[in-house]
There are 4 protein chains.
Amino acid sequence: MSPIVSEEYKENRKKLILESALKCFAEKGFELATIDDICARSGMSKGSIYNYFKTKDDIYIQLMNEQTKANFDYFQEHFKTISNATEKLQFLFKTYREVSLTEDFKHLMLVHGEFWLSSSRKKEIRSIMLERYQNVYKSFVIAILEEGIASGEFRKDIDPSVISTIFWTYVDGICLDYAVLGTEYPYCEVFRKTEEMIFFLLMKRD
Amino acid sequence: MSPIVSEEYKENRKKLILESALKCFAEKGFELATIDDICARSGMSKGSIYNYFKTKDDIYIQLMNEQTKANFDYFQEHFKTISNATEKLQFLFKTYREVSLTEDFKHLMLVHGEFWLSSSRKKEIRSIMLERYQNVYKSFVIAILEEGIASGEFRKDIDPSVISTIFWTYVDGICLDYAVLGTEYPYCEVFRKTEEMIFFLLMKRD
Amino acid sequence: MSPIVSEEYKENRKKLILESALKCFAEKGFELATIDDICARSGMSKGSIYNYFKTKDDIYIQLMNEQTKANFDYFQEHFKTISNATEKLQFLFKTYREVSLTEDFKHLMLVHGEFWLSSSRKKEIRSIMLERYQNVYKSFVIAILEEGIASGEFRKDIDPSVISTIFWTYVDGICLDYAVLGTEYPYCEVFRKTEEMIFFLLMKRD
Amino acid sequence: MSPIVSEEYKENRKKLILESALKCFAEKGFELATIDDICARSGMSKGSIYNYFKTKDDIYIQLMNEQTKANFDYFQEHFKTISNATEKLQFLFKTYREVSLTEDFKHLMLVHGEFWLSSSRKKEIRSIMLERYQNVYKSFVIAILEEGIASGEFRKDIDPSVISTIFWTYVDGICLDYAVLGTEYPYCEVFRKTEEMIFFLLMKRD
DNA sequence: CATGAATGAGTGTTCATTCAT
DNA sequence: TATGAATGAACACTCATTCAT
């Protein structure tokens, strides 16, 4: 007895739900977006959605997991062809600078921002968020910085942990402000100056 | 014939409601905090609260207005005794660095952050937020930067608007991350480095 | 120790409240009109209104009492100068036909109609309404009809009670429809035909 | 995939709600009747009712629509077997005279009366009511009158529009008074006299 | 007698979740 | 697995009435 529907089919359904949910959450915010909204957007029924996800929170969490994973898969993929820390860091800046322009990214940032905030209140989300922040985001940049220190590209007396923290605080801050303010926000200039300043911290000065 | 209770009494009641609301919103988020929560915290009845505020949104907006006002009143008051731009900017950094330590400030930042996000979705909040961002926050730092340029403290070729934008993006980013991450977050170091970098942008280099 | 305020003053306050209430009830209906609406219209405070009336229902009832009384006082006053039943009946028709034109009368009819309906549900109002219907409205027309029978103006074999009932059903029906439909309603023609028909019932035919 | 419950099932649920609502509205009036009352009477949950109707107003409006439709469907059905205008008009009178006796009809009239009144205040109800009054009620009787004029049954110089107006004013007035006053009201006699009078208007006199 | 702040039960409405089909 | 009707606990908000001043 083989399964009635293929794994692939099920994966596609899940993806459809997550995509629809992202749009709904971006539009109205997590609390105000309803399961019915997601049904309407995905063309699926309520019962179906609950076959794939346990709760509304579950959709939220899996959505954020997918996004984070996709994000870092993308970086890892490209890093295969980059051999020094400076260029890797520049690639990060470049990626965020360019992706910021898309409407989809704005949506993602709004939902990401809300998820971040809600992590201060919902226990389950908090532990997921903290774990990811430490083990994925921060570690990722720390690794680059350590690589740069080892190779002599960056100063030896920097604290990779603090600078990684700063990096993400700035990047998130910029993306979020841009997502909220839209065209009013000079994200391109801000990103360039930020890159300049971060490298100012990393580079040897006399 | 004459008002039965003094204006002062009424002001105090409003303040009590706003303080209670701030705590509730910080704890649960705006959407999840209920009017009943605010009643419980303030010891007031539902009806009473609605004598002072039209809607839950109204409480939210007036709360944010009060906080912004108090914030800038504080800065203005202190700036009377400071005569140069460099020290003014340093005072801003110092204030945020120090205030960050309090639990109340964390609450404020969480609610502020949520307000900021929700401004991308609720029209009424959006216009209030944008107006305040431009005319209060950004203008405030622009004025300091222009003063510094005029006095020769800062480089002549900087763009005060962009640097003001950067300043607030960073400060908000830091405060928000600290509010979420708590003691994990090296806010003190981050603030010092940020101050260093901003001044790096402003100062003449050879 | 004489009363602090005169009886006249108090009467005027009550009248002011009743007038305001009539407008509010006409505009929104009894249930939807609030004490606050009446306060706003009358310029009086809530407490004051409750000094003059026990409950909202009380205002309603006294309002309807006043109106009925004023109505029949007006008829009685004019009947002093009319010596036959035919003319009295014609005067009734004429009065309703003419008064229908005023906006105030429309308001009155709407409230009157609602009162009539609510009398089928609220016990206290029911007994008041029934008593008034029998002892004031019906009796009034019965007396005219009996006068007309006695004087030989009307047929001897009519049932004054039924015809009085019919009279008020028609008059109320017309006034109510006019109040609802407004200028669409050909009240003038309808009143003339109704008068014609009622007299057709009363008059001797061969 | 396919609907889980039949259309018929859903129609029955709607009917159950409308029937329950009619009783509740008749008992307490529209404003005072609560959704909870309707739940209690129908044995359905609040959420269920809101699956079938958007708002309380919606229930009200659909209830009145159904009743009007049922009413005129009944007349149309019977008119197939009646070939002259006189008998059609007599059939209308007969129907109202007989139906008046039922408790259900009283309820209907009370709610109908309230709907009529509220149409003077609620915009949405007003347009529905006016449209129905003109295009259903009035037109229906006008058609009969015109048929009678054409066939020579009625006088040629009558105004069908005015007489139709009069007809409904009287019929509504009688039904409403009967619904309020109950057994006190000699509806049978009143209906006979009214029929007599209307035909007096229509018939040729010398 | 006048005032209007306080009260809190009650209202219409929403929505995540369940479950029979 | 898919469906969508059913549920009922919540929620924001209202309003007649009271009562201290």
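Chain letters run A, B, ... following the sequence lines, proteins first, then strands; residues in each count from 1.
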Can you tell me if B:Lys28 uses its side chain to pair, donor with acceptor, with the backbone of B:Thr34 under 3.5 Å?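 A pair under 3.5 Å: no.
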Polar side-chain atom of B:Arg121 near backbone of A:Ala26 as donor-acceptor pair, under 3.5 Å: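 Yes, because the side chain of B:Arg121 sits within donor-acceptor range (under 3.5 Å) of the backbone of A:Ala26.
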Could you report the tightest heavy-atom contact between [X] and [Y], atom names first, then the distance?
{"X": "D:Ser119", "Y": "D:Trp116", "answer": "OG-O, 2.6 Å"}
{"X": "B:Glu114", "Y": "B:Phe25", "answer": "OE1-O, 4.3 Å"}
{"X": "B:Arg126", "Y": "B:Ser120", "answer": "NH1-CA, 3.7 Å"}

Give a yes/no verdict on a cation-pi contact between B:Lys56 and B:Phe30, requiring under 6.0 Å between NZ or CZ and the six-membered ring centre and an angle within 45° of the axis.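 Yes, B:Lys56 lies over the aromatic ring of B:Phe30.
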Under 4.0 Å, heavy atom to any atom of DNA chain F: which of residues 31-41 of chain B qualify?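 Those residues are B:Ala33, B:Thr34, B:Ile35.
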Atom pairs under 3.5 Å: protein N/O with N/O of nucleotides 19-21 of chain E:
none

Sequence-distant partners of A:Glu31, salt bridge (charged side-chain N to carboxylate O under 4.0 Å, His left out), two or more places apart: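 Testing A:Glu31 for salt bridge (charged side-chain N to carboxylate O under 4.0 Å, His left out), a comparison that skips the adjacent residues, returns A:Lys122.
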List in chain and number order the residues that pass salt bridge (charged side-chain N to carboxylate O under 4.0 Å, His left out) with D:Arg41, two or more places apart in sequence or in another chain; answer none if no residue qualifies.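 In terms of salt bridge (charged side-chain N to carboxylate O under 4.0 Å, His left out), with neighbours along the sequence ignored, D:Arg41 is linked to D:Glu27.
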So if I take residues 51-66 of chain C and measure heavy-atom distances to DNA chain E, which residues fall below 4.0 Å?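 DNA chain E contact set from residues 51-66 of chain C: C:Asn51, C:Tyr52.
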Let's see if you get this right: which residues in residues 14-24 of chain B place a heavy atom under 4.0 Å from DNA chain E?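 The answer is none.
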Please determine if a side-chain N or O atom of [X] lies less than 4.0 Å away from the OP1 or OP2 oxygen of [N].
{"X": "D:Ser48", "N": "F:dT7", "value": "yes"}
{"X": "C:Arg13", "N": "E:dC1", "value": "no"}
{"X": "B:Tyr9", "N": "E:dG4", "value": "no"}

Whenever both distances are under 3.5 Å in a Watson-Crick or G-U wobble pair, mark it; put DNA chain E into dot-bracket that way, with [ ] for crossing pairs and | when the partner is on another strand. .||||||||||||||||||||
Would B:Glu7 and B:Lys10 satisfy salt bridge (Lys or Arg N to Asp or Glu O under 4.0 Å), going step by step from the backbone distance to the final call? CA-CA 5 Å; B:Glu7 277 308 307; B:Lys10 279 163 64 176; 3.8 Å; yes
Using heavy atoms to find the nearest nucleotide of DNA chain F for A:Lys10 and B:Lys28 separately, return the residue whose nucleotide is more 5′.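 Residue closer to the 5' terminus by nearest nucleotide: A:Lys10.
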Within a strict 4.5 Å, meaning less than it, do heavy atoms of the B:Ile35 and B:Ile59 side chains meet?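 B:Ile35 vs B:Ile59: side chains touch.
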Listed by chain and number, what are the side chain to side chain contact (heavy atoms under 4.5 Å, CB included) partners of D:Thr55, not counting sequence neighbours?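 If we apply the side chain to side chain contact (heavy atoms under 4.5 Å, CB included) test to D:Thr55, skipping adjacent residues, the hits are D:Asp57, D:Asp58.
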With sequence neighbours excluded, residues passing side chain to side chain contact (heavy atoms under 4.5 Å, CB included) with C:Glu131: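 Side chain to side chain contact (heavy atoms under 4.5 Å, CB included) check on C:Glu131 returns C:Asn135.
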List the residues meeting ring pair (Phe, Tyr, Trp, His ring centres under 6.0 Å) with B:Phe115, not counting sequence neighbours, and say none if there are none.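 Once residues adjacent in sequence are excluded, the partners of B:Phe115 under the ring pair (Phe, Tyr, Trp, His ring centres under 6.0 Å) criterion are B:Tyr60.
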Can you list every salt bridge (Lys or Arg N to Asp or Glu O under 4.0 Å) pair that touches residues 43-54 of chain B, not counting sequence neighbours?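 Checked against salt bridge (Lys or Arg N to Asp or Glu O under 4.0 Å) - neighbours excluded - the pairs reaching residues 43-54 of chain B are B:Asp36-B:Lys46.
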Return a table of donor-acceptor pairs under 3.5 angstrom between the side chains of residues 13-24 of chain A and protein atoms on other chains or two or more places apart.
unit_1: A:Lys14; atom_1: NZ; unit_2: A:Gln62; atom_2: OE1; d: 3.0
unit_1: A:Ser20; atom_1: OG; unit_2: A:Leu16; atom_2: O; d: 2.7

